[in-house]
Amino acid sequence: MKYNFPDDFIWGTSTSFFQIEDALHPSSFHDWKGLKGKDGTCLEHNIKHDHHITEDAALIASLGNSYRMSMDWSRLQSEPGAQFSISAVQHYRTLLGLLKDAGLHNMVVLHHFANPNWFSKLGGWLNPDSPALFCNYVKQMIDHFGDLVDLWNTINEPYVYAFFSNITGYFPPYSSARMDKFRRSLSNLASSHRAAYEMIKMHPVYSAAGAGFTKNATLFHPETIFSKPITALLNSLFIHNVNKLFSVGDFVAINYYGRVPFTWHPILEINSPGVLDKMGRQHDMVWEYFPQGLEDVLELFYKKYARPLIITEHGCCTLNDAFRKKSIFDHLDAINRASLKGVQVSGYYHWSTFDNYELHLGSTYPYGLIQIEPGTYKRILKPSALYYQEIIRQSKLYVNCKV
Ligand code: BGC
């Protein structure tokens, strides 16, 4: 089969600030348990991206025509309604400027999981004022960075964020089984998305940028007749019944990693090691490997939203880099199949640029195309990075790159 990605297809890689920056800013997200050592002190970050922006911008530019990143809200805004810190603005303008000079289109995520401590202390996303606090931040984001941003990604995976913060207790404020809080924070996130979208579109100078939110697109699959009701409920909660306020946007973005099979409980390699092997399923360190699912969700989301789709994250958590290459190939193949059926897919960002700090799991879950040498912080492009560069170069006929 010949692949036919359009000339203006967005190719890139994706990160989030707290997974790659040195976590040492005052009033930042130090309450995040995942970033603390056993004694409660903040862990030394393993990438220190914010100390290597010139080198990193050049590497990022070699991996596509676009880059998706987020910024540290707490570093920019030290308290509710405060004017942005000039040095923080300069830091991020330098990074975005380097990327622009290298010819990239910048996509900036306005909320990627981490909140400033002052925001958390005010109740976080459960606070009825949270949309207003967020909008104050967004207004300054557009004013300060609008000339360097092509695409705004308002909220990353609001359903995952609200679920992990209020149902499973993985994320701050670590509440468990609080459906009421889950709903409340989702509703505040949805109003914030809508308000942010309107602010971008009404901005007197920088209204031309595209904007949309990112939805996680994990499918839950019943393995037995008994798991049908629970998977139906989860698919309805996570995929089908998305708050209407999120449907406002120029594009809909999705993050896709794999499928979650369900017997009595979800089977992720992380919580049931070896079970996926016994079931004869391919997997990485977390997910069942299921490229077909990407084609399925692209079709489903295109039908639902009828607007261009962007894959803002797809990746593979593995030490086996040949498997990462295969994963890239198979998932681009799935995108291609969906496109041939008429689904408009405008871009693909690989998660992630670097091996980074994986949320509540720590730094030993590698998703990166670039490895960081411990101690020296030397950046080493993995074979999968070279493979991805080749695909981008030959995007019209990347069948030649088949691994
Ligand atoms: C998140 C990333 C995370 C990735 C892999 C996505 O849900 O947006 O922050 O690292 O999944 O787990």
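All figures in this text were calculated on a predicted structure; none of them were measured in a lab. As the structure lists them, so they are numbered: ligands from 1, and atoms in each ligand from 1.
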Enquirer: In terms of side-chain geometry, is the basic nitrogen of Lys48 or Asp56 positioned less than 4.0 Å from the acidic oxygen of its partner?
Expert: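 Result for this pair is no, no salt bridge flagged.
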
Enquirer: Give a yes or no on whether a salt bridge exists between Asp330 and Lys325, defined as a side-chain N under 4.0 angstrom from a carboxylate O.
Expert: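 No.
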
Enquirer: Pull out every atom of ligand 1 sitting under 4.0 Å from any heavy atom of Phe113, numbered as shown with elements.
Expert: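 The atoms of ligand 1 under 4.0 Å from a heavy atom of Phe113 are 1 (C), 8 (O), 9 (O).
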
Enquirer: Looking at Asn156, which atoms of ligand 1 are within less than 4.0 Å of one of its heavy atoms?
Expert: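 With Asn156 as reference, the close atoms of ligand 1 come out as 8 (O).
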
Enquirer: Quick check on Tyr365 - does any of its heavy atoms sit under 4.0 Å from an atom of ligand 1?
Expert: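 Judged by the 4.0 Å heavy-atom criterion, Tyr365 does not count as contacting ligand 1.
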
Enquirer: Looking only at protein heavy atoms, which one is nearest to atom 3 (C) of ligand 1, and what is the separation?
Expert: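 Ranked first by proximity to atom 3 (C) of ligand 1 is Glu358 OE1, 3.6 Å.
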
Enquirer: Show every donor-acceptor pair shorter than 3.5 Å between a side-chain atom in residues 234-242 and any protein atom, with sequence neighbours excluded, or say none if there are none.
Expert:
unit_1	atom_1	unit_2	atom_2	d
Asn235	OD1	Phe220	N	3.0
Asn235	ND2	Phe220	O	2.9
Asn235	ND2	Thr231	O	3.3
Ser236	OG	Asn241	ND2	3.1

Enquirer: Relative to each other, are the rings of Phe301 and Tyr305 parallel, tilted or perpendicular (30° and 60° limits)?
Expert: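 Taking Tyr305 first and then Phe301, their aromatic rings sit tilted (interplane angle of 30° to 60°).
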
Enquirer: Report, in ascending order of atom number, the atoms of ligand 1 lying under 4.0 Å from any heavy atom of Leu359.
Expert: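 Going through ligand 1 atom by atom, the ones under 4.0 Å from Leu359 are 3 (C), 9 (O).
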
Enquirer: Distance to 0.1 Å, residue and atom name: give those for the protein heavy atom nearest to atom 4 (C) of ligand 1.
Expert: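 Answer, as residue, atom name and distance: Tyr257 OH, 3.3 Å.
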
Enquirer: Given the side-chain rings of Trp73 and Phe17, with only the six-membered ring counted for Trp, is the space between their centroids under 6.0 Å?
Expert: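 Between Phe17 and Trp73, which both carry aromatic rings, the centre distance is not below 6.0 Å.
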
Enquirer: Say whether Glu157, considering both its backbone and side-chain N or O atoms, lies within less than 3.5 Å of an N or O atom on ligand 1.
Expert: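 Looking only at distances, the answer is yes, because the N/O contact criterion of under 3.5 Å is met.
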
Enquirer: Provide the number and element of each atom of ligand 1 under 4.0 Å from a heavy atom of His112.
Expert: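 Ligand 1 atoms under the 4.0 Å threshold to His112: 1 (C), 2 (C), 8 (O), 9 (O).
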
Enquirer: State whether Tyr159 and Lys215 meet the cation-pi test: NZ (Lys) or CZ (Arg) under 6.0 Å from the six-membered ring centroid, and within 45° of the perpendicular axis.
Expert: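 Yes, a cation-pi geometry holds between Lys215 and Tyr159.
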
Enquirer: To check your reading of the model: name the closest protein heavy atom to atom 1 (C) of ligand 1, its residue, and the distance in Å.
Expert: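 So the nearest neighbour among protein heavy atoms is Glu313 OE1, 3.3 Å.
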
Enquirer: Can Trp11 and Tyr349 be said to form a ring pair (Phe, Tyr, Trp, His ring centres under 6.0 Å), step by step?
Expert: CA-CA 6 Å; Trp11 294 101; Tyr349 292 88; over 10 Å; no

